Amino acid sequence: MLNIFESTKTIREHKGKSLIEFPHDFCIIDIETTGLDPSFDEIIEISALKIRDNIPCGTFSTLVQPCEYIDDETDSIFYVDSYITELTGITNSMLSTAPLFKDVQSTFIDFIGDDILVGHNVNFDINFLYDNLLKSNIFLKNDFIDTIRLSRRLLPELPNHKLQSLASFWNIDTTGSHRAEKDCLITYEVFKNLNSLVIEKFGTYEAFLESIKRKYTSISESELIKHLTTDKVEFDESNPCFGKEFVFTGKLERMPRKEAMQLVIDLGGKCGSSITKNTNYLVLGNNDYCGTIKNGKSRKQKKAEEYKLKGYDIEILSENVFYDFLD
DNA sequence: TCTCCTCGAGATCT
DNA sequence: CTCGAGGAGA
């Protein structure tokens, strides 16, 4: 029986759990595919690197032949488009002699056994493998560790967490990347470096785990405001921000809210997290993204309007007027 | 005012 | 997954 919830989201029964661990024995996995969507695209290469006692001790790697399609104009057989060949270096002629997924699946599942699977954005690889194995009524149940999840926690200051970026961060050689076997090796090096970072940044694995268990990672707005300080010692008292208390609502177009607050502080103003009798200005950002907001006005805006009617010294500013205040 | 919850957006994989 | 919004309720 199909219900409406299942139709919107793919549920993979018996799929393993995402772990935060640094085991000594595991398998690194990586696949190459014809695209990003497991329901339309196909696997063209699978690699796995078996690690025992933190040392690579075996490799599984094979190309996989996907469905062929015929080019109408040239009447020739294709497996991958030029974008994928460009990206991975895997060509149609290489795939023409490759085995099918069904032919390699048992060797693959024997190789990985019940090892923990480690990969970069490993859900991508797991989902493709899971769906293909399911066609033979095999459940891929292995638990897994995602290096992208670890790197976002351990290196939040990085501009992005692509495998390539992490590799260059640690000077890991990436020649021949975007082939599955090479990407396994890169991921292995990345995982080792992330492991060292845990101790460097948290002292113990337990401390790191504790930081992950805290569900709410970002500090509250009021907590953020408490920690805002300025180097300035002298202020232009004629600036409209001086001595005034600002509150922000919605998402600002031009800068993150934190930066806007810093500008206010630097001009001798103050910031608050909610509308009070002391609030002088409410700056309106964009609320379009927020599905729960009622009749276009945030709770802060309604309260500010109420206070203004009561005669408090409060004005509601658009984002652009706020920027005019700054100079 | 504070904690917890929900939701959208963006990131990442090929 | 993670972040950053607002909302509900204590």
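Small disclaimer: the values here were computed from a predicted structure and weren't measured.
Nucleotide B:dC13 holds its C1' atom 10 Å from the CG atom of A:Leu163, rounded to whole Å. Atom P of nucleotide C:dC3 and atom CG of A:Leu155 are separated by 12 Å, given to the nearest angstrom. Taking atom CG of A:Asn121 as the reference point, atom P of B:dT14 lies 8 Å away to the nearest angstrom. Rounded to whole Å, atom C1' of C:dA5 lies 14 Å from atom CG of A:Leu282. Spacing between atom CZ of A:Phe128 and atom C1' of B:dC13 amounts to 9 Å, rounded to whole angstrom units. In this structure, A:Phe124 places its CZ atom 4 Å from C1' of B:dT14, rounding to the nearest Å. Put simply, CD1 on A:Ile148 is 10 Å from P on B:dT14, counting in whole angstrom units. Across the protein-nucleic acid pair, A:Asn123 atom CG and C:dT2 atom P stand 11 Å apart, rounded to whole Å.
Listed by chain and number, the residues in a side-chain contact (heavy atoms from CB on, under 4.5 Å) with A:Leu158 are A:Leu155, A:His161, A:Leu166, A:Phe169 (sequence neighbours excluded).
One finds a side-chain N or O of A:His178 lying less than 4.0 angstrom from the OP1 or OP2 phosphate oxygen of B:dT14. Phosphate proximity of C:dG6 to A:Thr249: present, with a side-chain N or O under 4.0 Å from OP1 or OP2.
Taking a 4.0 Å limit (strictly below) on heavy-atom distances, residues 32-46 of chain A reaches DNA chain B at A:Glu32, A:Thr33, A:Gly35, A:Leu36.
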For residues 57-64 of chain A, please give each side-chain donor-acceptor pair under 3.5 Å, one per line with the distance, not counting sequence neighbours.
| unit_1 | atom_1 | unit_2 | atom_2 | d |
| --- | --- | --- | --- | --- |
| A:Ser61 | OG | A:Ser47 | OG | 2.6 |

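With a 6.0 Å cutoff to the six-membered ring centre and a 45° limit on the axis angle, A:Lys50 counts as a cation-pi contact of A:Phe111.
In this structure, A:Tyr79 OH and A:Ser96 OG are separated by 6.0 Å, a value rounded to the nearest 0.5 Å.
Using a 4.0 Å heavy-atom distance criterion, A:Ser18 is classed as making no nucleic acid contact. Counting non-hydrogen atoms under 4.0 angstrom, A:Asn127 reaches nothing in the nucleic acid.
Checked for salt-bridge contact, A:Arg52 and A:Asp115 meet the test: a charged N lies under 4.0 Å from a carboxylate O. For the pair A:Lys182 and A:Asp173, the salt-bridge criterion is met [side-chain N within less than 4.0 Å of a carboxylate O].
Figure legend. C:dT2 is base-paired to B:dA9; pairs are counted as Watson-Crick or G-U wobble with both atom distances under 3.5 Å.
Across C:dC1, B:dC13, B:dT14, the shortest atom-to-atom separation from the side chain of A:Asp183 is found for B:dT14. Checking B:dT12, C:dT2, B:dT14 against every side-chain atom of A:Arg149, the shortest atom distance belongs to C:dT2. Comparing atom distances between the A:Arg153 side chain and each of B:dT14, B:dC13, C:dT2 picks out C:dT2 as nearest.
Side chain to side chain, A:Asn195 and A:Tyr205 meet the donor-acceptor criterion of an N or O pair below 3.5 Å.
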